[in-house]
Number of protein chains: 2
Amino acid sequence: MSLLLDGPRRYSDLRRVIDGISPRMLTLTLRGLERDGLVLRKVTPTTPPKVDYSLTQVGRTLSGQVSELIGWAEQHYAYISDSRRRYDEKG
Amino acid sequence: MSLLLDGPRRYSDLRRVIDGISPRMLTLTLRGLERDGLVLRKVTPTTPPKVDYSLTQVGRTLSGQVSELIGWAEQHYAYISDSRRRYDEKG
DNA sequence: CGGCATCCTTCCGGATACTG
DNA sequence: CAGTATCCGGAAGGATGCCG
């Protein structure tokens, strides 16, 4: 979702950025977001076809919270990794 | 997580509030949060035993973002439901 | 290019029964 | 009370192949 903040992205672009994701999962995820009205799917029926994904108005209202969540995760990543290691090693 | 903001809660309390959750899932969830260092599990070995769950210092730093997310969800619940209904009905 | 259909394996998570 | 143990059905999701 936060990947779409800078504007529309094509399917293949998203696949490249979200490294390792299968086409199936990417499509399912995008379709879910589209169904929820957070992402807009715009098909241009040329050859080769072109599909742009962008945030809807409402989708953009979520971007702040998502960014904050990402920020939190980055800030506390080391702490959580440490906590897990300690938990797994003894108890 | 947001349930723990007001202070420690006992296992059975959480089970009552999160209605319908199985003991297995509640334990797994709490154990995951404990492993990540977000929740503290404090056992008092009396009869009957007593276990209190509370947020750690770091766990509390996440509460703001969680609250905002909940707020967003409540605010846009109707929109999303509508979007889904329209999506499922035609396309 | 941007998918969908299908197969197949994994594992999530509910139900139930039992314990310190 | 606060879990653990076990069984089990169904869903999640990777791999592969095909299509407009």
Side-chain angles (χ1 to χ4, degrees), chain A residues 1-56 59 66 69 73 80 83-84 86-91, chain B residues 1-56 59 66 69 73 80-81 83-91:
Chain A
M1 276 242 0
S2 67
L3 294 173
L4 296 174
L5 282 179
D6 311 331
R9 288 291 164 91
R10 300 190 57 179
Y11 181 87
S12 50
D13 293 336
L14 292 171
R15 234 198 125 177
R16 201 169 311 113
V17 176
I18 310 171
D19 197 39
I21 194 170
S22 64
R24 186 180 182 278
M25 272 318 295
L26 181 54
T27 298
L28 284 178
T29 303
L30 289 168
R31 284 305 196 289
L33 291 168
E34 187 195 1
R35 188 172 102 106
D36 290 349
L38 303 180
V39 157
L40 187 69
R41 179 166 176 268
K42 184 169 159 194
V43 183
T44 311
T46 56
T47 42
K50 184 181 149 188
V51 181
D52 279 316
Y53 292 95
S54 56
L55 292 181
T56 64
V66 171
L69 223 45
I80 291 179
S83 180
R84 287 187 179 176
R86 269 182 277 111
Y87 188 95
D88 293 343
E89 277 175 4
K90 48 193 203 83
Chain B
M1 277 244 357
S2 67
L3 294 173
L4 296 174
L5 281 179
D6 311 331
R9 288 292 165 90
R10 299 190 58 178
Y11 181 86
S12 51
D13 292 337
L14 291 172
R15 235 198 124 178
R16 202 169 309 113
V17 176
I18 310 172
D19 197 39
I21 194 170
S22 63
R24 186 179 180 278
M25 270 320 293
L26 181 54
T27 298
L28 284 178
T29 303
L30 289 168
R31 285 302 197 288
L33 291 169
E34 187 195 1
R35 188 171 104 106
D36 290 349
L38 303 180
V39 158
L40 188 68
R41 180 167 174 267
K42 185 169 159 191
V43 183
T44 311
T46 56
T47 43
K50 184 181 151 188
V51 181
D52 278 316
Y53 293 95
S54 56
L55 290 182
T56 64
V66 170
L69 225 44
I80 291 179
S81 300
S83 179
R84 287 187 179 175
R85 200 172 30 63
R86 270 182 276 109
Y87 188 95
D88 292 343
E89 277 176 3
K90 44 193 205 82

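Each chain gets a letter, A, B and so on, in the order the sequences are listed, and its residues count up from 1.
The side chain of T27(B) lies closest to dG3(D) when the candidates are dG20(C), dG3(D), dC4(C). Distances were taken from every side-chain heavy atom of Y11(B) (C-beta onward) to each of dG3(C), dA2(D), dC1(C); the shortest belongs to dA2(D). For M25(A), the listed nucleotide lying nearest its side chain is dG13(D); candidates were dC1(C), dA2(D), dG13(D).
Electrostatic pairing of D52(B) and R9(B) does not count as a salt bridge here, judged by no charged N lying under 4.0 Å from a carboxylate O.
Within the structure, a side-chain polar atom (N or O) of S12(B) is placed less than 4.0 Å from OP1 or OP2 of dA2(D). For S22(A), no side-chain nitrogen or oxygen approaches OP1 or OP2 of dG13(D) to under 4.0 Å. Within the 4.0 Å cut-off from OP1 or OP2 of dG2(C), not a single side-chain nitrogen or oxygen of R16(A) is found. Contact check, R10(B) against dC1(D): no side-chain N or O comes under 4.0 Å of OP1 or OP2. At the phosphate of dG2(C), neither OP1 nor OP2 sits under 4.0 Å from any side-chain N or O atom of R41(A).
What separates CD1 of I21(B) from P of dA15(C) is a distance of 12 Å, to the nearest Å. Between L30(B) atom CG and dT4(D) atom P there is a gap of 10 Å when expressed in whole angstrom units. Remark: C1' of dC1(D) and CG of L26(B) are 13 Å apart, rounded to the nearest angstrom. Atom P of nucleotide dC11(C) and atom CG of L28(B) are separated by 15 Å, given to the nearest angstrom. Rounded to an integer number of Å, the gap from CZ of R31(B) to P of dA2(D) is 12 Å. The CG-P distance, from D19(B) to dG14(C), rounds to 13 Å in whole Å. Residue L14(A) contributes atom CG, which lies 14 Å from atom P of dC1(C) at whole-angstrom precision.
Using modelled atom types, one side-chain atom of S83(B) and one backbone atom of R35(A) make a donor-acceptor pair closer than 3.5 Å. Looking only at distances, no side-chain donor or acceptor of Y11(B) sits under 3.5 Å from a matching main-chain atom of L26(B).
The residue among R24(A) and V51(A) whose nearest nucleotide of DNA chain C is located toward the 5' end is V51(A).
The two atoms that bring R15(A) and I21(A) nearest to each other are NE-O, 3.8 Å, heavy atoms only. In this structure, L40(B) and T56(B) approach most closely via the heavy-atom pair N-CG2, 3.9 Å.
Across all strands shown, P49(A) has heavy atoms under 4.0 Å from base atoms, whether or not it also approaches the sugar-phosphate. The residue R15(B) sits apart from the nucleic acid: no heavy atom pair falls under 4.0 Å.
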